[in-house]
Amino acid sequence: MRDALSEQSGIVGHLEALVAAAMAAAPGDAPPPVAWLQVETRGRVRDLLLGWRTDITGPVTLLDWQSSPLASVFFSTPEGDDYEIEVDGRTLDGTVRGRALLEVERGVLVGVVTASAVLSRDGDGWRRVGDPPAPLLRPRPAGASRAPSPFTLDALDAEQRRAVGLPRRRALLALGEAGCGKTTVALFRIAALQARAEQGGRSFRGLVLVPVEGLQRLSTTLLARLGAKGVEVKSYERWAAVQARRAFPGLPRRESQAAPAAVTRLKRHPALREALADVAARPGRPRGATATREDLQHLFGDRVLMERVARASAGAVSPHAVGRVLEHTNVQFTDTTEASHRHVDADRLATVDGLRIDAGTPFEDAGAVDPEDYAVLFALAALRATPGDAAPSPGAYDCVVLDEAQEFAPIELALIGRALRPGGALVVAGDEGQQVDDTAYFPGWDEAMRELGAGSFEAVRLAVSYRCPPAVTALARAVLRGEGSVAPDGAAVVAWRGRTVFHVVAALVDAVRALREADPEASVAVVCRTAESAARTAALLARGEDGVRLVRGGDFSFAAGVEVTCVQEVKGLEFDHVVVPDCDAGAYPEGHEGRRALYVAMTRASHQLVLTTAATWAPALRGALQPPG
């Protein structure tokens, strides 16, 4: 179709007049419009400007691009195509006649980008300065398929095969940067140990523990491809919950939903162990090697003990956190509204939305237990054990695999280690550079293996990255280490900074649409820093793409399409294309935590990495990008 701006001499002047009228009618501090949309409905042509608020009373109709139903047409419908949307039970339809990005400075239109040209104000006139930028996402090579690659021992390199074939009782620590095959080695080893046991007529009980649900789903799939049947694959929290309820009857079935981060930080800190010893030795404790929920109240409800933990934490646990822990514990040991009103007819306690009465209130966590409490209970029981006692055990497995081990706190590592029967095989995989949970208080690999009960072990460092293109690997290393800089190659790595969030969203929607047409089997992960950012981003992208999925709780499809998620969810996973849409200082501040999180996000890409933001580049990228986009 003919481009209205490059082929019709009066259209730029028309846009200048629209912008001038809109800016004259806007409040003094109002941001300028960012796009123009012209639609034809039933023979009537309408000009619409997209901005940061809706105003239909002024000389030019202005629509909030984030919320207006009609503004979504800009993202969903190319120029020349028909649209149809439902608004409050009514159908709005028409044809898009014009569509352009606008650049406005000091209330004056200075730049226009259409589907076929980039135009810029040059003094009093306009000139064409180039073609529109290519879509951010580049299709995979022709013939690329999502069919799984061969998953056999022959596919491993020599060092990976050596690790898999270690003697049965030798503990293995598999280390290496992202994409080196740590998870692959760990799963091959447990599958091989199971096969050896079954060939020898021995029973075999195996366990694979991971920190997140997405990696649990992937590991389950990979073990099935290896023919390993009956191996338990669990996220740590789900496994620990089952073990704790078996060992300590009477624990609530419901877990806390509103525990402050300060509570999690204190309950996972190694300094808590001093307080555990005090509670374990108190008079009136349960007989034998056991623990009860009341022990949690005695522990976390004791201000003196909690203040001692804060002092011993070397500043990791603040005095303010002590108050939050005491308050949270008090709520947990308060009866729920349903329990305190048992005498009331059940139908009078039912809510319209079906939720608990306390949901969304300060007492939401009444009668609940924290996931961090499970390891605490096992630790208390172990401290109470005497030579004649049998401390509660979290199981007796012939092989335990712990993946992404850097994400587990010392007290959790100790619990996992007790799940391995004497003479069993321990397999640990991890990378300290990929730690994204700063409440894990990772103690280093030697200490971590001691916590797991491995007096000696074989450390294998995998040096070859098989997942990411070399350009992605090089840039990710520069980000993680803060050393050197890498120039994006425009193919495997694209770094682009948009003028506003709108421009970022518009570019991503256009890129996804083009990729879907050119490479419909490609997978795209939009990886945000936090779950909240992922929810916002998914909602904005969905204004132009119906197939966008927000992924929570590891519910990845591992198939073609666009999935929006956060860094914490993608541990151990990979996708054809990875987009990091918030590469700014707010999401990834300077420091080890920000660098590690960005490294994890970047190294999920097996074909292409796209880095973008509407703000200032994150400090780690300002040093690593050459030039910084």
Side-chain angles (χ1 to χ4, degrees), residues 169 171-172 186 190 193-194 203-213 215-216 219-220 223 230-253 255 264 267-268 270 272-273 276-277 279-280 286 288-293 295-296 299 369-386 389-405 407-430 440-441 443 447-455 457:
R169 296 191 176 188
L172 167 65
I190 193 171
L193 291 173
Q194 182 189 50
S203 62
F204 182 88
R205 190 178 181 209
L207 172 69
V208 176
L209 289 179
V210 297
V212 292
E213 298 291 341
L215 186 52
Q216 181 266 332
S219 298
T220 299
L223 278 175
V231 173
E232 294 179 43
V233 186
K234 304 282 187 183
S235 70
Y236 164 77
E237 286 190 359
R238 298 282 62 80
W239 173 81
V242 170
Q243 304 304 320
R245 291 191 174 94
R246 286 175 179 168
F248 310 109
L251 285 182
R253 303 298 301 179
E255 293 182 345
T264 300
K267 290 190 174 185
R268 300 185 81 194
L272 180 67
R273 283 172 162 167
L276 291 180
V279 171
T290 189
T292 68
R293 183 169 182 253
D295 284 321
L296 299 176
L299 173 63
V369 65
D370 292 333
E372 295 76 26
D373 292 336
Y374 304 136
V376 171
L377 288 168
F378 276 106
L380 278 170
L383 286 170
R384 286 175 174 153
T386 64
D389 294 326
S393 169
Y397 295 90
D398 298 286
C399 179
V400 173
V401 170
L402 182 62
D403 202 359
E404 303 290 351
E407 302 296 350
F408 295 89
I411 194 172
E412 295 161 355
L413 295 173
L415 169 60
I416 295 166
R418 288 197 289 274
L420 189 66
R421 69 166 181 80
L426 177 66
V427 183
V428 181
Y441 305 107
E447 183 59 30
M449 295 301 283
R450 280 193 290 271
E451 291 282 5
L452 287 162
F457 58 92

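Keep in mind it's a predicted model, so treat the numbers as computed, not measured.
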Q: Output yes when a side-chain donor or acceptor of E451 lies under 3.5 Å from a complementary backbone atom of A414, and no otherwise.
A: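 Side chain of E451 to backbone of A414: no pair is present.
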Q: Check A440 against P410 and note the closest heavy-atom contact, atom names and distance.
A: O-CD, 3.4 Å
Q: Measure the shortest side-chain to side-chain distance between T264 and E372 over non-hydrogen atoms and say whether it is less than 4.5 angstrom.
A: yes
Q: Checking side chain to side chain contact (heavy atoms under 4.5 Å, CB included) for the pair L413/E447: CA distance, chi angles, key distance, verdict?
A: CA-CA 10 Å; L413 295 173; E447 183 59 30; over 6 Å; no
Q: On a heavy-atom basis, which atom in A405 and which in V428 lie closest, and how many Å separate them?
A: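 In this case the closest contact between A405 and V428 is CB-CG1, 3.5 Å.
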Q: Look up atom CD1 in I411 and atom CD1 in I416, then write down how far apart they are to the nearest 0.5 Å.
A: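 If we round to the nearest 0.5 Å, I411:CD1 and I416:CD1 are 11.5 Å apart.
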Q: Which salt bridge (charged side-chain N to carboxylate O under 4.0 Å, His left out) pairs, counting each pair once, include a residue from residues 230-240, with sequence neighbours left out?
A: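 Checked against salt bridge (charged side-chain N to carboxylate O under 4.0 Å, His left out) - neighbours excluded - the pairs reaching residues 230-240 are R205-E232, R238-E255.
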Q: Return the CG to CG distance between L272 and L299, rounded to the nearest 0.5 Å.
A: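 Reported to 0.5 Å precision, the distance equals 5.5 Å.
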Q: At what distance, to the nearest 0.5 angstrom, does CD of Q216 lie from CG of D403?
A: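 Going from the CD atom of Q216 to the CG atom of D403 covers 12.0 Å.
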Q: With side chains defined as the heavy atoms from C-beta onward, is the minimum distance between R421 and D398 less than 4.5 Å?
A: yes
Q: Taking it one step at a time, do L251 and L377 satisfy side chain to side chain contact (heavy atoms under 4.5 Å, CB included)?
A: CA-CA 11 Å; L251 285 182; L377 288 168; 3.7 Å; yes
Q: To the nearest 0.5 Å, what is the distance between CD (Q243) and CZ (F248)?
A: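 The CD atom of Q243 sits 10.5 Å away from the CZ atom of F248.
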Q: Looking only at heavy atoms, what is the nearest atom pair of V208 and V231, with distance?
A: CG2-CG1, 3.9 Å
Q: Does the side chain of E412 come within less than 4.5 Å of L209's, by heavy atoms?
A: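 L209 vs E412: side chains apart.
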Q: Of L402, L172, V400, which meets side chain to side chain contact (heavy atoms under 4.5 Å, CB included) against V427?
A: L172
Q: Among residues at least two apart in sequence or on other chains, which ones pass side chain to side chain donor-acceptor pair (under 3.5 Å) with R245?
A: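 Expected list: Y374.
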Q: Take the angle between the ring planes of Y397 and W239 and call it parallel below 30°, perpendicular above 60°, tilted in between.
A: tilted
Q: Got L383 and R273 here, is their nearest side-chain heavy-atom distance under 4.5 Å?
A: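 Of all side-chain heavy-atom pairs linking R273 with L383, none is under 4.5 Å.
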Q: Apply side chain to side chain contact (heavy atoms under 4.5 Å, CB included) to residues L415 and Y236 and explain how you reach the verdict.
A: CA-CA 10 Å; L415 169 60; Y236 164 77; 3.6 Å; yes
Q: Assess the residue pair D373 and K267 against the criterion (side chain to side chain contact (heavy atoms under 4.5 Å, CB included)); give the C-alpha distance rounded to whole Å, side-chain angles, the decisive distance to 0.1 Å, and a yes or no.
A: CA-CA 8 Å; D373 292 336; K267 290 190 174 185; 2.8 Å; yes
Q: Any side-chain heavy atom of L452 sitting closer than 4.5 Å to one from L420?
A: no
Q: Please report the shortest heavy-atom distance between P211 and E407, naming the atom on each side.
A: CB-CB, 4.2 Å
Q: Supply the atom-to-atom distance L207 CG to I190 CD1, rounded to the nearest 0.5 angstrom.
A: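 Answer rounded to 0.5 Å: 7.0 Å.
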Q: What pair of heavy atoms forms the shortest contact from G423 to R169, and how long is it?
A: O-CG, 3.5 Å
Q: Which atom names give the shortest non-hydrogen contact between P443 and A448, and what distance separates them?
A: CG-N, 3.9 Å
Q: Partners of A425 by side chain to side chain contact (heavy atoms under 4.5 Å, CB included), sequence neighbours excluded?
A: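 Applying side chain to side chain contact (heavy atoms under 4.5 Å, CB included) to A425 gives L193, C399.
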